[in-house]
There are 2 protein chains.
Amino acid sequence: MTAYEHLLKYDIKPSSQRIVIMDYLLNNRTHPTSNDIYNALKDDNPTLSKTTVYNTLKLFEEKGAVLNLSIDEKNAHFDGDTSDHAHLICSNCGKIIDMKIEMAPNVCNDMGCEIHQTHIYMKGICGECKKAN
Amino acid sequence: MTAYEHLLKYDIKPSSQRIVIMDYLLNNRTHPTSNDIYNALKDDNPTLSKTTVYNTLKLFEEKGAVLNLSIDEKNAHFDGDTSDHAHLICSNCGKIIDMKIEMAPNVCNDMGCEIHQTHIYMKGICGECKKAN
DNA sequence: TATAAATTTGTAACGATTACAAATTAAAAC
DNA sequence: GTTTTAATTTGTAATCGTTACAAATTTATA
């Protein structure tokens with residue numbers, strides 16, 4: 001699926017900036033930060049602004065077109081793959097690696113990784129707020 | 001277990017500041033931020049510094065005495081309960097709620113919550129780094 | 001073509017966190 | 001118990017990712 005089609009699927013009006021940012025996310029599965037994306041795109045898109053990348057990623061996230069990973073305390077990382085999967089961040093090199101949920105955490109050991117911690121985070125609406133609403 | 005004993009267990013020399021911070025974490029299971037803790041303690045501990053709270057929490061985390069939750073993009077939240085459990089953050093009120101791993105995400109529905117996303121994050125050493133080391 | 005709405009841009013501000021050096025406290029040596 | 005050394009705490013200033021805001025540009029509508 002092209003970036004253009006992907007945007008339409010998530011009900012996002014496709015501007016040229018949005019297309020190029022989504023295209024980068026779909027073709028670079030490195031879980032880049034907003035800054036990573038800006039740096040990668042700015043040479044070919046000289047008028048692109050850092051703020052646009054931030055705003056666009058926030059829009060994508062709200063529309064469900066990308067995932068905002070809070071795995072790294074320093075920066076937000078983004079994932080264009082919204083299918084269910086887990087992530088491992090390496091404490092040594094900082095790389096973020098995709099993992100299949102059903103195998104986690106055992107797949108790590110198979111792959112020669114070493115797991116120190118596993119966190120499960122859910123986002124949603126709590127019981128109190130749901131009742132109050 | 002007292003805060004004092006808890007510190008010893010994790011091989012942390014117990015200063016008065018460390019004790020009062022750990023005590024707060026053990027008795028307030030609200031997943032406070034560093035700033036939350038500072039604000040809660042500063043009246044009874046007028047000389048306490050914000051920097052000390054940050055430094056102390058970092059030390060606790062390194063020693064494995066607390067968990068640093070990156071569930072909230074805005075701030076780091078800390079959990080004095082290091083046993084295995086999942087967390088739900090409410091998009092409406094921001095509260096962070098403990099969940100039992102084995103029941104997640106279904107327990108949420110039972111409890112009247114509504115889940116929008118589930119993230120599994122692992123921290124460790126990746127295969128490449130492990131091999132290189 | 002004129003007008004309105006949406007998007008993008010750059011700058012400035014914000015705020016959580018950290019670096020750093022001085023001050024204080026605790027521990028060790030004598 | 002005084003001196004010396006190490007560890008801890010503190011306050012200020014800096015860092016840096018992110019956002020607020022208003023102007024500029026582009027796109028859509030009349």
Side-chain angles (χ1 to χ4, degrees), chain A residues 3-4 7-8 10-24 31-63 65-79 89 94 96, chain B residues 3-4 7-8 10-24 31-63 65-79 89 94 96:
Chain A
Y4 177 83
L7 292 175
L8 291 183
Y10 286 96
D11 200 30
I12 297 165
K13 186 156 41 145
S15 70
S16 67
Q17 288 89 339
R18 290 171 182 176
I19 292 171
V20 75
I21 292 171
M22 180 55 82
D23 185 67
Y24 185 83
H31 315 94
T33 65
S34 185
N35 216 41
D36 290 339
I37 298 172
Y38 172 73
N39 286 325
L41 298 179
K42 69 180 177 193
D43 287 346
D44 286 345
N45 305 269
T47 72
L48 184 66
S49 146
K50 229 174 213 185
T51 301
T52 298
V53 181
Y54 275 100
N55 291 342
T56 302
L57 289 169
K58 177 177 278 191
L59 174 70
F60 287 0
E61 183 189 352
E62 284 164 3
K63 292 287 192 177
V66 303
L67 294 179
N68 179 349
L69 308 183
S70 63
I71 192 172
D72 169 11
E73 289 102 55
K74 302 283 178 193
N75 316 303
H77 291 257
F78 292 88
D79 193 342
I89 186 166
I96 296 174
Chain B
Y4 177 82
L7 292 175
L8 291 183
Y10 286 97
D11 201 30
I12 298 165
K13 184 154 45 140
S15 71
S16 67
Q17 288 88 342
R18 290 173 184 174
I19 291 171
V20 76
I21 292 170
M22 180 55 82
D23 186 67
Y24 186 84
H31 315 95
T33 65
S34 186
N35 217 40
D36 291 338
I37 298 174
Y38 172 74
N39 286 327
L41 298 179
K42 69 179 175 195
D43 287 346
D44 287 342
N45 304 267
T47 72
L48 184 67
S49 147
K50 229 175 213 185
T51 303
T52 298
V53 180
Y54 274 100
N55 290 343
T56 302
L57 290 169
K58 178 177 277 190
L59 174 70
F60 287 179
E61 183 189 353
E62 284 164 3
K63 292 288 191 176
V66 304
L67 294 178
N68 179 348
L69 309 181
S70 64
I71 192 172
D72 170 12
E73 289 102 53
K74 302 283 178 193
N75 316 302
H77 290 256
F78 293 88
D79 193 343
I89 187 167
I96 296 174

Nearest whole Å is fine: how far is [N] [atom2] from [X] [atom1]?
| X | N | atom1 | atom2 | answer |
| --- | --- | --- | --- | --- |
| B:Lys58 | D:dT8 | NZ | C1' | 16 Å |
| A:Arg18 | D:dT25 | CZ | P | 19 Å |
| B:Leu48 | C:dT25 | CG | C1' | 15 Å |
| A:Asp36 | D:dT18 | CG | C1' | 15 Å |
| A:Met22 | C:dT7 | CE | C1' | 17 Å |
| A:Leu41 | C:dT9 | CG | P | 11 Å |
| A:Asp72 | D:dG17 | CG | P | 11 Å |
| A:Leu57 | D:dG17 | CG | C1' | 13 Å |

N/O (side chain, [X]) to phosphate O (OP1/OP2, [N]) under 4.0 Å:
| X | N | answer |
| --- | --- | --- |
| B:Ser15 | C:dT25 | no |
| B:Lys13 | C:dA26 | no |
| B:Lys50 | D:dG11 | no |
| B:Gln17 | C:dT25 | no |

> Does the side chain of B:Gln17 reach to within under 4.5 Å of the side chain of B:Asn45, using non-hydrogen atoms?
Replying inline: no
Quick one: does [X]'s side chain have a donor or acceptor within less than 3.5 Å of a partner on [Y]'s backbone?
| X | Y | answer |
| --- | --- | --- |
| B:Thr52 | B:Leu48 | no |
| B:His31 | B:His77 | no |
| A:Arg18 | A:Thr56 | no |

> Do B:Thr51 and D:dT12 share a donor-acceptor pair, side chain to base, under 3.5 Å?
Replying inline: yes
Of all the choices, [options], which nucleotide is nearest to the side chain of [X] once you look at every atom?
| X | options | value |
| --- | --- | --- |
| A:Tyr54 | D:dT18, C:dT18, D:dT8 | D:dT18 |
| A:Ser49 | C:dT8, C:dT9, C:dA27 | C:dT9 |
| B:Thr52 | D:dT9, C:dT17, C:dT7 | D:dT9 |

> Counting any heavy atom closer than 4.0 Å, what does A:Thr47 reach on the DNA or RNA strands: base, sugar-phosphate only, or nothing?
Replying inline: sugar-phosphate
>> Over all strands shown, is B:Asn55 touching base, sugar-phosphate only, or nothing at heavy-atom distances under 4.0 angstrom?
In response: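 Touches a base.
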